[in-house]
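Proteins get letters first, then strands, A, B, ... in listed order; numbering begins at 1 in each. Hydrogens, waters and symmetry mates play no part in the numbers below; they use all other heavy atoms, side chains included.
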Amino acid sequence: MANYWLMKSEPNAFSIEDLKALPKQTDMWDGVRNYQARNIMRDQMQKGDKVFFYHSNATPPGIVGIAEIASDEAYPDPTQFDEKSKYYDPKSDPEKPRWFLVDVKFVEDLPMISLEQLKANPKLSEMKVVQKGARLSVQPVTEAEWSEVLAMAKVNI
DNA sequence: GCCAACGTTGGC
DNA sequence: GCCAACGTTGGC
């Protein structure tokens with residue numbers, strides 16, 4: 001059964017426009033250095049799962065589109081072994097990689113649903129992204145939350 | 001730029 | 001294994 005997720009990215013670093021502009025509209029979701037987020041990518045995500053693409057540290061922050069998981073399974077994040085990468089992790093053993101990632105493919109743009117709008121919707125009061133101090137960059141989304149956000153997107157057009 | 005919330009590190 | 005210090009995230 002397909003699941004739903006929300007993945008955060010700072011548009012200054014990597015925006016949904018950047019993903020859309022790639023030849024295959026697909027990219028490695030590299031740089032995640034949080035164990036909880038890694039575990040979700042490594043253990044729970046399946047090819048074809050749908051993802052809300054969220055712009056954090058943006059004005060305003062919010063959901064800007066839909067992507068989907070495009071790799072059959074998670075695999076080691078190559079940037080952890082790249083000394084020139086800002087994501088280099090000298091403590092990660094190539095024989096036993098610490099960080100995993102999935103490929104993410106662009107699906108469609110949505111009219112921005114701002115964090116403010118998400119917070120204002122009582123049906124989304126349990127959604128992870130609206131919780132205070134919710135820093136996790138890869139989050140599960142329930143089917144009800146997914147549908148509700150899509151309904152909000154239609155109104156935003 | 002500030003700072004609250006939270007995760008990680010490392011001394012003990 | 002505790003917990004203080006430190007670093008990062010991310011809204012504002």
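A side-chain donor-acceptor contact under 3.5 Å links A/Glu17 and A/Ser15. Looking at A/Glu148 and A/Asn121, their side chains do bring a donor and an acceptor atom within 3.5 Å of each other. Residues A/Asp82 and A/Tyr87 bring no donor and acceptor atom of their side chains to less than 3.5 Å of each other.
Of the candidates C/dG11, B/dG7, B/dA5, the closest approach to any side-chain atom of A/Lys132 belongs to B/dA5. The A/Tyr35 side chain lies nearest to B/dT8 when the options are C/dG11, B/dT8, C/dG10.
Side-chain atoms of A/Arg135 and base atoms of C/dT8 include a donor and an acceptor less than 3.5 Å apart.
Checked against the 6.0 Å centroid threshold, A/Tyr35 and A/Trp99 count as a close aromatic pair.
No more than 12 heavy atoms of other residues, nucleotides or ligands sit less than 6.0 Å from atom CD of A/Glu73.
DNA chain B forms stems at B:1-12 with C:1-12, each a run of 3 or more consecutive Watson-Crick or G-U wobble pairs whose two key distances fall under 3.5 Å.
Rounded to whole Å, the distance from CD on A/Gln139 to P on B/dG7 is 12 Å. One atom, CG of A/Asn57, and another, P of C/dT8, lie 14 Å apart when rounded to the nearest Å. A/Asp89 places its CG atom 12 Å from the P atom of B/dT8, with the value rounded to the nearest Å. Atom CZ of A/Arg33 is separated from atom P of C/dG10 by 15 Å (rounded to the nearest Å). For the pair A/Lys91 NZ and B/dT9 C1', the interatomic distance rounds to 7 Å; values are reported in whole Å. Atoms CZ (A/Phe14) and C1' (C/dG10) sit 19 Å apart, rounded to a whole Å. The interatomic distance linking A/His55 (NE2) with C/dC12 (C1') rounds to 19 Å, in whole Å. The nearest whole Å value for the distance from the CD atom in A/Gln131 to the P atom in C/dG11 is 14 Å.
Toward the 5′ end of DNA chain B lies the nearest nucleotide of A/Gly133, the other residue of the pair A/Arg98 and A/Gly133 mapping further downstream.
Contacts of residues 109-129 of chain A with DNA chain B (heavy atom under 4.0 Å): none.
Taking each heavy atom of A/Lys8 and A/Val129 in turn, the nearest pair found is CE-CG2, 4.3 Å. Looking at every heavy atom in both residues, A/Val102 comes nearest to A/Met41 through CG1-O, 3.7 Å.
One finds a side-chain N or O of A/Lys8 lying less than 4.0 angstrom from the OP1 or OP2 phosphate oxygen of C/dG10.
In summary, A/Arg33 and A/Asp77 engage in a salt bridge, as defined by a charged side-chain N under 4.0 Å from a carboxylate O.
Put simply, the side chain of A/Leu150 reaches to within 4.5 Å of the side chain of A/Leu110, judged on heavy atoms.
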